[in-house]
Amino acid sequence: MEILERSDTLTRVLVDGRQIILVGTAHVSKESVEEVCSRIESEQPKRVCVELDERRFRSLKEGAKWENLNIFKVLKTGQGFFLLANLAMSAFQKRIGASLDTKPGMEMAGAIEKAESAGIPVSLVDRDIQVTLKRAWKLSSGGEKIKMMNTLVGSIFSTEEVSAEEIEELKKKGAMEDLMQEMAENLPSAKTAIIDERDRYLATKIYECTEEKVLAVLGAGHVPGILRYFEAFERAGKTESLDSISVVPPKSTAGKVLPWLVPALFAAIVITGFFRAGWDRSVSMLVSWILVNGSLAALGALIAMAHPLTILVSFVAAPITSLNPTIGVGMFSGIVEAAMRKPRVKDCENLADDIMSVKGFFRNRITHILLVFFFASLGSVIGTIIVFPYLLALLK
């Protein structure tokens with residue numbers, strides 16, 4: 001592989017006699033949109049690749065069809081957290097884009113429109129966003145999942161504005177490398193799924209384009225990793241199969257066993273308490289479990305401004321669901337909230353705008369249900385963590 005040209009936003013390489021041009025963008029930069037269109041016009045590539053998957057492409061082209069969203073199905077199938085994460089990320093990018101007079105993904109839309117108008121074929125070269133999010137969650141440790149949830153909550157309630165100068169700075173190699181290094185240190189497993197695996201996926205899809213001149217539009221942070229894979233592919237004379245990173249990994253044996261440790265430990269503590277001090281001690285432990293776990297789940301629902309019945313259900317369900325890894329209190333809390341405050345047509349219509357503000361997140365019944373789901377679940381998790389040291393102390 002030979003690097004023919006390199007700048008903050010463009011890298012031109014010669015690979016196997018083919019010219020590949022990587023245009024690095026900031027995703028919410030107006031200048032990125034203009035540069036992408038200008039590059040396609042001046043370079044006249046034989047194919048344009050964009051960092052989109054089919055799902056995001058349809059959303060970008062047609063708009064998100066939230067009217068088809070079934071919130072009950074989302075909660076029952078355990079997709080609540082991933083939908084909330086998707087909305088939080090969209091909100092973060094939209095807030096930045098709004099301050100810069102642009103929209104997330106406009107450079108991708110601009111690239112596609114420019115290429116199609118010139119009769120240039122377009123390839124979507126990114127991995128499905130749902131696979132990426134689920135792999136990031138599955139691969140993460142317990143501590144990393146807590147950090148991810150903190151980041152999620154922070155992005156929802158953040159009011160921080162980012163200047164145009166800061167956005168453009170993110171397109172520079174040094175700034176992006178610092179950002180990737182920070183993510184590698186704090187969330188190494190998530191970085192593997194969100195950055196490293198997608199570097200490989202993007203590089204493979206771009207490399208497999210056979211045209212003599214290919215232009216790829218992608219986030220600037222992916223460029224260094226893609227170049228490393230180009231070198232590896234050229235040395236090997238072929239790409240690697242993407243099958244292993246294109247699916248959500250199944251639970252390992254440890255992953256299947258660990259969730260049952262909580263009920264097993266709780267049962268062991270209660271039984272030990274009975275043999276040491278009789279029924280009174282065991283009943284005291286059960287009451288403590290119910291009060292701590294239920295109260296904190298109810299508190300989470302209260303913080304999310306849930307319906308009074310939802311708060312009550314959260315209190316009752318949390319001590320039970322915490323002992324059953326197959327269900328979570330958030331599912332019950334969310335379903336009850338959805339039943340008591342059914343999403344309206346206008347909630348679907350206004351969802352894209354409501355996620356732009358904290359007030360909108362609470363006002364819109366769809367996002368409000370997801371907040372109830374999230375905070376009730378979080379309260380139950382915290383309650384489970386807090387109560388065990390107290391129960392162990394009762395054994396002394």
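Computed from a predicted structure; not experimentally measured.
Partners of Arg135 under the salt bridge (Lys or Arg N to Asp or Glu O under 4.0 Å) rule, at least two apart in sequence or in another chain, are Glu197. With sequence neighbours excluded, no residue forms a ring-ring contact (aromatic ring centres under 6.0 Å, His included) with Phe72. Arg341 is linked by a salt bridge (Lys or Arg N to Asp or Glu O under 4.0 Å) to Glu337, counting only residues two or more places apart in sequence or in another chain. By the salt bridge (Lys or Arg N to Asp or Glu O under 4.0 Å) test, Asp199 is found to be paired with no residue, residues two or more places apart in sequence or in another chain being considered. Judged as a salt bridge (Lys or Arg N to Asp or Glu O under 4.0 Å), and not counting sequence neighbours, Glu208 has no contacts.
Ile40 has its side chain within reach of Ile120: a pair of non-hydrogen atoms, C-beta onward, lies under 4.5 Å apart. Using a 4.5 Å cut-off on side-chain heavy atoms (C-beta onward), Phe266 and Thr384 make no contact. Residues Val372 and Thr310 are in side-chain contact: their nearest non-hydrogen atoms beyond the backbone lie under 4.5 Å apart.
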Just do the side-chain hydrogen bond (donor to acceptor under 3.5 Å, both in side chains) check on Thr367 and Asp354 with the steps written out, would you?
CA-CA 9 Å; Thr367 47; Asp354 286 340; over 6 Å; no
Are Thr9 and Glu35 close enough, and set up right, to give a side-chain hydrogen bond (donor to acceptor under 3.5 Å, both in side chains), and what steps lead you there?
CA-CA 9 Å; Thr9 58; Glu35 179 173 7; 2.7 Å; yes
Go through the steps for Ser123 and Arg47 under the test side-chain hydrogen bond (donor to acceptor under 3.5 Å, both in side chains), then give the verdict.
CA-CA 8 Å; Ser123 292; Arg47 179 172 293 275; 2.8 Å; yes
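Listed by first and then second residue, the ring-ring contact (aromatic ring centres under 6.0 Å, His included) pairs involving residues 107-126 amount to none (not counting sequence neighbours). For residues 306-346, the set of pairs meeting the ring-ring contact (aromatic ring centres under 6.0 Å, His included) definition, not counting sequence neighbours, is empty.
With Gln19 as the fixed residue, the side-chain hydrogen bond (donor to acceptor under 3.5 Å, both in side chains) test singles out one of Lys46, Glu43, Lys213, Arg12: Arg12. In summary, of the residues considered (Leu312, Val313, Ile311), a side chain to side chain contact (heavy atoms under 4.5 Å, CB included) with Val336 occurs for Val313 alone. No option in Thr132, Leu139, Leu133 other than Thr132 meets the side chain to side chain contact (heavy atoms under 4.5 Å, CB included) test with Ile194.
When atom types are taken as modelled, the side chain of His368 and the backbone of Ala304 share a donor-acceptor pair closer than 3.5 angstrom. Checked by atom type and distance alone, the side chain of Ser380 never pairs as donor or acceptor with a backbone atom of Ala376 at under 3.5 Å. Put simply, the side chain of Ser282 gets close to the backbone of Val270: a donor and an acceptor are under 3.5 Å apart.
For Phe388 and Trp289, the ring centers are positioned less than 6.0 Å apart.
With hydrogens and angles left out, the side-chain atoms of Ser314 and Ser333 include a donor and acceptor closer than 3.5 Å.
Chaining together hydrophobic side chains whose heavy atoms lie under 4.5 Å apart places Ile271 alongside Phe274, Phe275, Trp279. Residue Tyr201 belongs to a hydrophobic cluster whose other members are Leu242, Ile245, with links defined by side-chain heavy atoms closer than 4.5 Å. When hydrophobic side chains of Ile, Leu, Val, Met, Phe, Trp and Tyr are connected at separations under 4.5 Å, Ile385 ends up clustered with Val381. Using a 4.5 Å cut-off between side-chain heavy atoms of Ile, Leu, Val, Met, Phe, Trp and Tyr, Leu4 falls into a hydrophobic cluster with Leu14.
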Under 3.5 Å donor-acceptor pairs involving side-chain atoms of residues 109-119, not counting sequence neighbours:
from: Lys114; atom 1: NZ; to: Glu41; atom 2: OE1; distance (Å): 3.4
from: Ser117; atom 1: OG; to: Glu113; atom 2: O; distance (Å): 3.2
from: Ser117; atom 1: OG; to: Lys114; atom 2: O; distance (Å): 2.8

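Between Asp53 and Arg127 there is no salt bridge, since no side-chain N of the basic residue sits under 4.0 Å from a carboxylate O of the acidic one.
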